[in-house]
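Everything on this sheet refers to the single structure shown next.
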Amino acid sequence: MVDAVRAWFRDEGRDLPWRGRSTPWGVLVSEVMLQQTPVVRVEPVWHAWMERWPTPADLAAATQADAVRAWGRLGYPRRAKRLWECAVAIVDRHGGEVPADQEALRALPGVGDYTAAAVVSFAFHGRALVLDTNVRRVIGRAWRGEPLPAAHQTVGERAHAASLMPEDDAGAAEWAVASMELGALVCTARVARCDACPLASSCAWFRAGCPGLDDAPRRTQPWHGTDRQVRGRIMALLRAASAPLNVTGHAALADVEPGQLDRCLDGLLADGLVTRDEATGRCAL
DNA sequence: CAAGCGTGGTT
DNA sequence: TAACCAAGCTT
């Protein structure tokens, strides 16, 4: 089954710009941008970012505000802050070179288990357990007949995924990108395209009739009127501003309840995404 | 460790 | 249209 997925990927895998013809830094940037954000929205920002800051040292020499502004509307702007901090740490700790060691990667700001493994695998073609939501869904369905991954990984799930990894580095790296791609393009969360799947004949979930999709529990993401939305509006305002401004008195935020606006601005200040001049009360990135 | 964190396209 | 969804990380 693993080999069938790898063969499918050689024919059907997308030729994304950070695959094969980029640098470890380009791969790392793409992985951070792709955390919870779709490929189509990442691509143009990634190109502009890599043209402006082709190495970690280039980004480290810029300001955090520049990074957050260049992040634009990708969402979760704390990722931009952490990617900038990551560049600084790579210069400080690793002489400006993205480390190939998984533990060293994992210690960088904004790099968790998944991203560290992804960089080892995609950038350095090493053998690492790349277990994102796509891979978890593919393995869960095809090998165990489960419709959707559980909220949290278990030791047993990781052990099962590890047991499927090819022994050689190149094979493990190809399996990682192939299984992720299958989950992204074919074995999708809501409407699986089982007619186009190389595992259809062997998939435990397909053979069982694709059960349990409708009643599977999903996490709900409230949005309208939430702090998250207000934070986003504040950040959008400050990204567009050419000079520090008064956030709480701004006309563009006049519809926000004052208590919520204060709370959200305080949160952004605490997160280090916004700065405030205490003399004037004006804010900037 | 459950909760919080952006955004825009799709249904 | 409101809800759902998309390569997680941090506290």
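Quick note on labels: first sequence line is chain A, next is B, and so on, each numbered from 1.
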Using a 4.0 Å heavy-atom cut-off across all strands, classify [X] as base, sugar-phosphate, or nothing.
X	answer
A:Arg19	base
A:Thr115	sugar-phosphate
A:Leu268	nothing
A:Arg231	sugar-phosphate
A:Val111	sugar-phosphate
A:Trp71	nothing
A:Asp271	nothing

Here the residues of residues 235-255 of chain A within 4.0 Å heavy-atom distance, strictly under, of DNA chain C are none
Nearest whole Å is fine: how far is [N] [atom2] from [X] [atom1]?
X	N	atom1	atom2	value
A:Gln35	C:dT10	CD	C1'	11 Å
A:Leu83	C:dC9	CG	P	13 Å
A:Arg190	B:dG9	CZ	P	19 Å
A:Met180	C:dA6	CE	C1'	13 Å
A:Leu108	C:dC9	CG	P	12 Å
A:Leu148	C:dC4	CG	P	14 Å
A:Arg137	C:dA6	CZ	C1'	10 Å
A:Arg228	B:dG8	CZ	P	14 Å

Checklist entry - So which one's nearest nucleotide on DNA chain B is more toward 5', A:Arg233 or A:His152? => result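 Closer to the 5' end of DNA chain B: A:His152.
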Residue pair A:Arg73/A:Arg82 against DNA chain B: nearer the 5' end by closest nucleotide is A:Arg82
Determine, for [X] against [Y], whether the closest basic-nitrogen to carboxylate-oxygen distance falls under 4.0 angstrom.
X	Y	result
A:Arg19	A:Glu181	yes
A:Arg276	A:Glu278	yes
A:Arg10	A:Glu174	yes
A:Asp266	A:Arg263	no
A:Arg21	A:Asp15	yes
A:Arg106	A:Asp113	yes

[atom1] spacing across the pair [N] / [M], given as an integer number of angstrom:
N	M	atom1	answer
C:dA7	B:dG4	P	23 Å
B:dC1	C:dT10	C1'	11 Å
C:dC9	B:dG8	P	23 Å

So which nucleotide from [options] ends up closest to the side chain of [X]?
X	options	value
A:Leu16	C:dG8, C:dC5, C:dA7	C:dA7
A:Glu31	C:dC4, C:dA6, C:dA7	C:dA7
A:Gln36	C:dC4, C:dG8, B:dA2	C:dG8
A:Asp227	B:dC5, C:dC4, C:dG8	B:dC5
A:Ala189	C:dG8, B:dA2, C:dC5	C:dC5
A:Tyr114	B:dA2, C:dC5, C:dG8	C:dG8

On DNA chain C, check which nucleotide each of A:Thr188 and A:Ala116 is closest to and give me the residue with the more 5' one.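 Nearer the 5' end of the strand: A:Thr188.
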Classify the side chain of A:Arg41 and the base of B:dT7 as holding, or not holding, a donor-acceptor pair under 3.5 Å.
-> yes
With hydrogens left out and only the distance checked, is there a donor-acceptor pair under 3.5 Å joining A:Thr37's side chain and the base of B:dG8?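 Check fails, no donor-acceptor contact within cut-off.
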Excluding A:Leu285, membership of its hydrophobic cluster (Ile, Leu, Val, Met, Phe, Trp, Tyr; side-chain heavy atoms within less than 4.5 Å) reads A:Val68, A:Val230, A:Ile234, A:Met235, A:Leu237, A:Leu238, A:Leu245, A:Val247, A:Leu253, A:Val256, A:Leu261, A:Leu265, A:Leu268, A:Leu269, A:Leu273, A:Val274
### Query
For A:Val155, which fellow cluster members are found when Ile, Leu, Val, Met, Phe, Trp and Tyr are connected by side-chain heavy-atom distances below 4.5 angstrom, either directly or through intermediates?
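The other cluster members (ILVMFWY side chains, heavy atoms under 4.5 Å, direct or chained): none.
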Are a donor atom and an acceptor atom from the side chains of A:Tyr114 and A:Glu31 found within less than 3.5 Å of each other?
->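 The answer is yes; a qualifying pair exists.
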